[in-house]
Amino acid sequence: MDPIIKIENLSVVYDIGKANETKALSDINVEIYPNEYIVFFGPSGCGKSTLLYVIAAMQEPSFGTIIVNGRDLSKAREKDVAIYHQEGMGIVFQQYNLIPSLNVLDNVAVPQTFRGVSRKEREPKAQALLDRFSIGAFSSRLSLELSGGQQQRVSIARALINDTPIILADEPT
């Protein structure tokens with residue numbers, strides 16, 4: 001079985017060649033197989049979030065390759081990255097990244113909107129996820145009207161709505 005994610009000699013260096021050059025990741029090699037649950041742990045500032053953002057194709061590596069489902073993300077075109085974000089992975093952000101002007105239901109449904117799913121289809125699916133996480137009663141509220149834990153559950157529901165094969169979670173608890 002081939003890995004779903006393969007990282008080879010990955011490094012992320014900020015401000016290369018400057019006095020404040022910082023290595024966030026240095027020569028990382030990882031293989032992650034389908035149906036595995038992987039936890040990256042370490043002290044604050046060790047590069048866990050950076051690694052997740054590279055896997056999510058939200059940050060480019062300085063060196064090395066990241067291959068997801070047999071495709072090298074560093075060689076992917078902008079359109080291919082957009083499709084990967086829609087169909088290949090969901091992400092739970094550390095700071096939730098909910099849209100404050102949208103209600104909870106619409107925040108969960110946003111990824112479906114980008115896929116062109118009709119409101120008639122996406123709203124019941126979003127509501128079902130909210131119900132699953134015991135926050136369905138808050139679907140018409142704005143995200144800022146929720147507690148931090150409730151906002152995190154909204155973020156998790158949003159990551160799950162497109163039924164992607166990969167879910168990345170940056171400090172989800």
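We're numbering straight along the sequence, starting at 1. Hydrogens, waters and symmetry mates are skipped; everything else that's a heavy atom, side chains included, is used. Everything quoted here is computed from the prediction, not taken from an experiment.
- In the hydrophobic clustering of this structure, Tyr53 does not group with Ile67; members are Ile, Leu, Val, Met, Phe, Trp, Tyr whose side-chain heavy atoms approach within less than 4.5 Å, directly or through other members.
- Looking at residues two or more places apart in sequence or on another chain, you find a side chain to side chain contact (heavy atoms under 4.5 Å, CB included) between Ala109 and Arg122, Ala126.
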Please report, to 0.1 Å, the donor-acceptor pairs under 3.5 Å made by any side chain of residues 2-9, with sequence neighbours excluded.
from: Lys6; atom 1: NZ; to: Glu8; atom 2: OE2; distance (Å): 3.4
from: Glu8; atom 1: OE1; to: Thr65; atom 2: OG1; distance (Å): 3.1

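- Nearest heavy-atom pair across Gly90 and Thr164 is N-OG1, 3.1 Å.
- For Ala169, the side chain to side chain contact (heavy atoms under 4.5 Å, CB included) partners at least two apart in sequence or on another chain are Val92, Pro172.
- When every heavy atom of Ala76 is checked against every heavy atom of Val81, the shortest pair comes out as CB-CG2, 3.9 Å.
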Table please: side-chain donor-acceptor pairs of residues 16-24 below 3.5 Å, with sequence neighbours left out.
from: Asn20; atom 1: ND2; to: Asp15; atom 2: OD2; distance (Å): 3.1
from: Glu21; atom 1: OE1; to: Gly17; atom 2: N; distance (Å): 2.6
from: Thr22; atom 1: OG1; to: Asn20; atom 2: O; distance (Å): 3.0

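- With sequence neighbours excluded, the residues that form a side-chain hydrogen bond (donor to acceptor under 3.5 Å, both in side chains) with Ser49 are Asp170.
- A search for side-chain hydrogen bond (donor to acceptor under 3.5 Å, both in side chains) contacts involving Gln112 returns Asn162, not counting sequence neighbours.
- Residues in residues 153-167 take part in these salt bridge (charged side-chain N to carboxylate O under 4.0 Å, His left out) pairs, two or more places apart or across chains: Lys125-Asp163.
- Annotation for Pro61 and Gly64: closest pair CG-O, 4.2 Å, computed over non-hydrogen atoms.
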Donor-acceptor contacts under 3.5 Å from residues 32-39 side chains, at least two apart:
from: Tyr33; atom 1: OH; to: Glu31; atom 2: OE1; distance (Å): 2.6
from: Glu36; atom 1: OE1; to: Tyr33; atom 2: N; distance (Å): 2.8

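- No donor-acceptor pair under 3.5 Å is formed between the side chain of Ser11 and the backbone N or O of Phe63.
- The salt bridge (charged side-chain N to carboxylate O under 4.0 Å, His left out) pairs that include a residue from residues 49-77 are Arg71-Asp80, Asp72-Lys75, Arg77-Asp80, where partners are two or more places apart or lie in different chains.
- Separating the CZ atom in Phe40 from the OG1 atom in Thr50 is a distance of 12.0 Å, to the nearest 0.5 Å.
- Val13 and Ile28 are assigned to two separate hydrophobic clusters, defined by single-linkage of ILVMFWY side chains at heavy-atom distances under 4.5 Å.
- Summarising the geometry of Leu51 relative to Leu10, their closest heavy-atom pair is CD1-CD2, 3.7 Å, with the distance given to 0.1 Å.
- Leu160 and Met89 fall into different hydrophobic clusters, where Ile, Leu, Val, Met, Phe, Trp and Tyr are joined by side-chain heavy atoms under 4.5 Å apart, directly or via other members.
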Please table the atom pairs, donor to acceptor, closer than 3.5 Å between any side-chain atom in residues 130-144 and protein atoms at least two apart or in another chain.
from: Asp131; atom 1: OD1; to: Gln127; atom 2: NE2; distance (Å): 3.0
from: Ser139; atom 1: OG; to: Gln127; atom 2: OE1; distance (Å): 3.1
from: Ser139; atom 1: OG; to: Gly136; atom 2: O; distance (Å): 3.4

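- Cluster membership for Leu25 and Tyr14, using ILVMFWY side-chain heavy atoms within less than 4.5 angstrom, is shared.
- A side chain to side chain donor-acceptor pair (under 3.5 Å) check over residues 87-111, counting only residues at least two apart or in different chains, returns the pairs Gln94-Glu171.
- Interatomic distance, Leu168 CG to Phe93 CZ, rounded to the nearest 0.5 Å: 9.5 Å.
- For the atom pair Ile66 CD1 and Gln59 CD, the distance stands at 11.0 Å (nearest 0.5 Å).
- Cluster membership for Phe114 and Tyr84, using ILVMFWY side-chain heavy atoms within less than 4.5 angstrom, is not shared.
- Remark: Gln86 engages no residue in a side-chain hydrogen bond (donor to acceptor under 3.5 Å, both in side chains) (not counting sequence neighbours).
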